[in-house]
A.B. asks: 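Structure in structure tokens, see below.
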Amino acid sequence: MSEPKITILDDPQSVYVHAAEEITHFSGEDICTHAEFTIALSGGSTPAAIYELLATRFRLSVDWKEVQFWWGDERCVPPDDQHSNYAMANRTLLSHLELRPEQVHRMRGEQAPAQAARAYEQELRSAFSLADGEFPRFGLVMLGVGDNRHTLSLFPGHKAAIEETQRLVVADEVEATPRPRVTFTPPVANHAQRAMFVATGKAKAEAVRDVIAGPRDPLKFPAQIIQPSDGELIWVLDKAAASLLPNR
Ligand code: 6PG
């Protein structure tokens, strides 16, 4: 387990550009070494700006036909709902690329949550040719952190999801709208080559401080559970989000 690599930039726009550059760079490396880049997208408002940059300024910098898109979590709503993480990524990025349908692996938010979680786990097992007890190795798992210190849909106090060690994907009811969610479990993110948190703004400063520098307590600060065992942990922050980190 290595120390996190933390990059702090002046403002949110510089953060979005840096994150898009990193994704471009990771895709190039992975496509060069194993002919494919597997990315798990995050939801929320922060990544939308990154997806828009990837679809425009960086569109010609990625060999999109070699990219496999997955999601780290999904709200249980239909794929055209305003709360759907798939809908957001589709609007800002996927619909601007010429992708084959088999490159896009969305969580079925329209199904019953437990069923959608089982189906996604099955899809992962089959696409990554996993035997029992194995986990996929994503090129990149994108992550955000909530004001309440959640990441993916792993919410404070949700012991079963936070401490899950066998399942790849679980369903849960969380303290946010919409409540039913489907989410990767920690071991999926922790088997990735790279896990990259992106956060901007003063409102995230306390959460960023607690997750990076607070006492270890993943039940209270779920984003702390993300620690790739044989991969990189990356944080991209603006000055405001990083403002409460010690020694800065
Ligand atoms: C979601 C997420 C979630 C998100 C955080 C931070 O579906 O909501 O994937 O874990 O990353 O809530 O979101 P923001 O970066 O938009 O604040």
Side-chain angles (χ1 to χ4, degrees), residues 9 11-16 18-20 22-23 39-53 69-79 81-93 105-110 113 116-117 120 138 140-158 161-162 169-186 188-190 192 194-212 218 221-226 233-238 240-242:
L9 298 155
D11 49 58
Q13 187 58 23
S14 308
V15 166
Y16 306 143
H18 181 78
E22 289 282 79
I23 293 168
I39 181 170
L41 302 177
S42 54
S45 53
T46 311
I50 303 170
Y51 301 158
E52 276 164 6
L53 280 167
F69 294 92
W70 296 79
W71 275 262
D73 73 330
E74 183 58 280
R75 295 95 181 263
C76 293
V77 292
D81 188 282
Q82 53 154 339
H83 293 294
S84 161
N85 284 342
Y86 164 79
M88 185 276 275
N90 191 46
R91 184 181 67 251
T92 52
L93 176 61
H105 307 263
R106 74 172 178 87
M107 288 174 162
R108 308 278 157 183
E110 68 277 28
Y120 210 59
F138 275 91
L140 176 65
V141 174
M142 288 182 68
L143 298 164
V145 60
D147 305 356
N148 66 354
R149 291 68 168 156
H150 83 268
T151 193
L152 298 165
S153 282
L154 304 171
F155 275 62
H158 288 237
I162 294 168
V169 186
V170 294
D172 203 357
E173 291 264 329
V174 304
E175 294 69 39
T177 308
R179 293 199 66 204
R181 304 286 176 107
V182 174
T183 183
F184 275 2
T185 58
V188 175
N190 288 337
R194 312 169 189 93
M196 181 170 77
F197 282 93
V198 183
T200 61
K202 186 77 190 147
K204 294 287 166 84
E206 290 186 3
V208 166
R209 177 202 57 204
D210 288 345
V211 173
I212 296 179
F221 308 141
Q224 286 183 344
I225 200 80
I226 309 300
L233 178 58
I234 300 158
W235 283 84
V236 189
L237 303 168
D238 69 349

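Atoms within a ligand are numbered from 1 in the order they appear, just like the ligands themselves.
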A.B. asks: Are the side chain of Asn85 and the backbone N or O of Asp73 linked by a donor-acceptor pair below 3.5 Å?
C.D. replies: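 Judged by distance alone, yes, a pair lies under 3.5 Å.
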A.B. asks: Just to confirm my output: which protein heavy-atom neighbour is closest to atom 10 (O) of ligand 1, and how far is it?
C.D. replies: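 Checked against all protein heavy atoms, atom 10 (O) of ligand 1 sits closest to Leu152 O, 2.6 Å.
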A.B. asks: Would Tyr120 and Trp70 count as a ring-ring contact (aromatic ring centres under 6.0 Å, His included) if you check the C-alpha gap in whole Å, the side-chain angles of each, and the deciding distance to 0.1 Å?
C.D. replies: CA-CA 10 Å; Tyr120 210 59; Trp70 296 79; 5.5 Å; yes
A.B. asks: Side-chain contact, heavy-atom cut-off 4.5 Å: Glu206 with Arg149?
C.D. replies: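 The answer is yes; the side chains approach within 4.5 Å.
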A.B. asks: Please say whether Ser45 places an N or O atom under 3.5 Å from an N or O atom belonging to ligand 1.
C.D. replies: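 In this structure, Ser45 places an N or O atom under 3.5 Å from an N or O of ligand 1.
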A.B. asks: Does Arg106 reach the main-chain N or O of Tyr86 with its side chain, forming a donor-acceptor pair under 3.5 Å?
C.D. replies: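 Not at all, since once roles are kept as given, no pair shorter than 3.5 Å links the two residues.
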A.B. asks: For ligand 1, note which part of His150 has a heavy atom under 4.0 Å away: side chain, backbone, both or neither.
C.D. replies: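 Answer for His150: side chain.
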A.B. asks: Which of the atoms of ligand 1 are close to Val145, meaning less than 4.0 Å from one of its heavy atoms?
C.D. replies: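 Going through ligand 1 atom by atom, the ones under 4.0 Å from Val145 are 6 (C).
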A.B. asks: Could you tell me whether the side chain of Glu173 reaches within less than 4.5 Å of the side chain of Pro113, counting heavy atoms only?
C.D. replies: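 Not touching, per the 4.5 Å side-chain cut-off.
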A.B. asks: Donor-acceptor pair, Thr151 side chain versus Ala223 backbone, under 3.5 Å?
C.D. replies: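 Side chain of Thr151 to backbone of Ala223: no pair is present.
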A.B. asks: Using a plain distance cutoff, I'd like to know if Ser153 has any nitrogen or oxygen under 3.5 Å from a nitrogen or oxygen of ligand 1.
C.D. replies: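 Checking ligand 1 against Ser153, no N or O pair falls under 3.5 Å apart.
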A.B. asks: Tell me yes or no: between the side chains of His150 and Asn148, is some donor less than 3.5 Å from an acceptor?
C.D. replies: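 Yes, side-chain donor-acceptor contact under 3.5 Å.
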A.B. asks: Is Thr46 in polar range of ligand 1, meaning some N or O pair under 3.5 Å apart?
C.D. replies: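 Yes - when backbone and side-chain N and O of Thr46 are compared with those of ligand 1, one distance drops under 3.5 Å.
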A.B. asks: Quick one: nearest non-hydrogen protein atom to atom 2 (C) of ligand 1, plus distance?
C.D. replies: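 Checking every protein heavy atom, the shortest distance to atom 2 (C) of ligand 1 gives Asp73 OD2, 3.4 Å.
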A.B. asks: Using a strict cut-off of 4.0 Å, indicate which atoms of ligand 1 neighbour a heavy atom of Lys204.
C.D. replies: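 So the atoms of ligand 1 that pass are 14 (P), 15 (O), 17 (O).
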A.B. asks: Backbone, side chain, both or neither: what part of Asn85 comes under 4.0 angstrom of ligand 1, heavy atoms only?
C.D. replies: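 Within the 4.0 Å criterion, Asn85 contacts ligand 1 through side-chain atoms alone.
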A.B. asks: Among protein heavy atoms, which lies nearest atom 13 (O) of ligand 1, and at what distance?
C.D. replies: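 Of every protein heavy atom, Gly44 CA, 3.9 Å lies nearest to atom 13 (O) of ligand 1.
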A.B. asks: Using only atom types and a distance under 3.5 Å, with no angle test, would you say the side chain of Asn190 pairs donor to acceptor with the backbone of Ile225?
C.D. replies: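 Yes.
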A.B. asks: Answer yes or no: is there a side-chain heavy-atom contact under 4.5 Å between Asp147 and Lys204?
C.D. replies: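 Answer yes - side chains close enough.
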A.B. asks: Return a yes/no value for Pro47: is any of its N or O atoms, backbone included, closer than 3.5 angstrom to an N or O of ligand 1?
C.D. replies: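 No; every N/O pair is 3.5 Å or more apart.
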A.B. asks: Mark the output for Arg75 as yes if a heavy-atom distance to ligand 1 is under 4.0 Å, and as no if none is.
C.D. replies: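 Yes, that is the case, since the closest heavy atom of the residue is under 4.0 Å from the ligand.
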A.B. asks: What do you reckon, does Gly43 have a nitrogen or oxygen under 3.5 Å from a nitrogen or oxygen of ligand 1?
C.D. replies: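 Such a contact does occur with ligand 1.
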A.B. asks: Residue-level breakdown please: for Val198 versus ligand 1, do any non-hydrogen atoms fall below 4.0 Å on the side chain, on the backbone, on both, or on neither?
C.D. replies: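 Val198 to ligand 1: no contact under 4.0 Å from either part.
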